[in-house]
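Below you will find the structure I want to go over with you.
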Amino acid sequence: MRHNATCETGVVALTDRTLDVIGKNTLEDLYQAAVRHKPQFRPVEIGRITAVLPGIASISGLSGIGSEELVRFRNGGFGLAYNLDEGVIGAILFCDHTQLQAGDEVERLGRVMDIAVGENLLGRVIDPLGRPLDGASVPASRKRLPIERPAAAILDRLPVSIPLQTGIKAIDAMIPVGRGQRE
């Protein structure tokens, strides 16, 4: 058994007891991490492309998919399930159709198409998948809303109080339109 001693360089030598304590603490930490870890398994529904046309793809094997659900292709591109027929679905493509071919795997994502919302998106240009088109970094946002959802109730909207003027006196006099009003 060695003793703790400081050598000429100032390095402390470790004893067998110190190494034993470090080993036990490390093993205890690993055990606690293994106990806390709860693996999360999620079923994945996989289908296959049967036909690809510009802008759309026919997919079979996704029997549980719902309308407007997202699918992911093997090349990382996305699609939106739209035409749900018996045994085959039609998907709108959000990627280049030339990179897809019949027989490729398609994964059902199990969620409708949604997008990040919030103050940090003001003035930004993004595509329907939330990817930036203005050259800046991906906008961070905690809240997401589906793209297709019911409009806010009439009573929940702000009243129209500012006039919208075209600059043509005859039109402005005959047809008063408020800014934000549907006409």
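What you are looking at is a predicted structure, and each value in this text was computed from that prediction instead of being measured. Any value given below was found using the heavy atoms of this structure, including those in side chains, with hydrogens, waters and symmetry copies removed.
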Derivation of the side chain to side chain contact (heavy atoms under 4.5 Å, CB included) call for D96 and N75: CA-CA 10 Å; D96 185 14; N75 67 351; over 6 Å; no
When you group the ILVMFWY residues by side-chain heavy-atom contacts below 4.5 Å and let the links chain together, are I126 and I147 in the same group?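 In one cluster with I147: I126, yes.
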Which heavy atom of D104 sits nearest a heavy atom of Q99, and at what distance?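 Of all heavy-atom pairs spanning D104 and Q99, the closest is OD2-O, 4.2 Å.
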Considering all heavy atoms of both residues, which atom of R48 and which atom of V106 are nearest to each other, and what is their separation?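 Scanning both residues, the minimum pair turns out to be C-CG2, 4.5 Å.
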Testing M113, R108, R111 for side chain to side chain contact (heavy atoms under 4.5 Å, CB included) with E69, which one passes? R108
Using the rule given for side chain to side chain contact (heavy atoms under 4.5 Å, CB included), can you reason through F78 versus I92, listing the C-alpha separation, both sets of side-chain angles and the distance that settles it, and then say yes or no? CA-CA 9 Å; F78 291 93; I92 300 170; over 6 Å; no
With a 3.5 Å distance limit and no angle check, can you tell me whether T50 reaches the backbone of S60 through a side-chain donor-acceptor pair?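 Not a single qualifying donor-acceptor pair exists.
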Using the rule given for salt bridge (charged side-chain N to carboxylate O under 4.0 Å, His left out), can you reason through R74 versus E105, listing the C-alpha separation, both sets of side-chain angles and the distance that settles it, and then say yes or no? CA-CA 6 Å; R74 68 161 173 82; E105 286 187 350; over 6 Å; no
Which atom names give the shortest non-hydrogen contact between C95 and L100, and what distance separates them? SG-CD1, 3.9 Å
Examine I89 and L70 and state if one hydrophobic cluster contains both, with Ile, Leu, Val, Met, Phe, Trp and Tyr joined whenever side-chain heavy atoms are less than 4.5 Å apart.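 No: no chain of side-chain contacts under 4.5 Å links I89 to L70.
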For R124 and A136, which heavy atoms make the closest approach, and how far apart are they? NH2-CB, 3.3 Å
Enumerate donor-acceptor pairs with a distance under 3.5 Å from any side-chain N or O in residues 24-31 to protein atoms, sequence neighbours excluded.
residue: N25; atom: ND2; partner: V21; partner atom: O; Å: 3.4
residue: T26; atom: OG1; partner: I22; partner atom: O; Å: 2.8
residue: E28; atom: OE2; partner: Q32; partner atom: NE2; Å: 2.9

Do L80 and E68 pass the side chain to side chain contact (heavy atoms under 4.5 Å, CB included) test, and can you show the C-alpha distance, the side-chain angles, and the key distance before you say yes or no? CA-CA 6 Å; L80 183 68; E68 299 179 3; 4.2 Å; yes
Atom of H97, atom of V52 and distance for their closest heavy-atom approach: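 For H97 versus V52, the nearest heavy atoms are O-CG1, 3.6 Å.
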Which heavy atom of L62 sits nearest to which heavy atom of G47, and what is that distance? CD2-N, 3.4 Å
Any donor-acceptor pair under 3.5 Å linking the side chain of D127 with the backbone of R131? yes
Distance only, no hydrogens: is a donor on one side chain within 3.5 Å (strictly under) of an acceptor on the other, for D172 and Q165?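 No - no donor-acceptor pair under 3.5 Å links their side chains.
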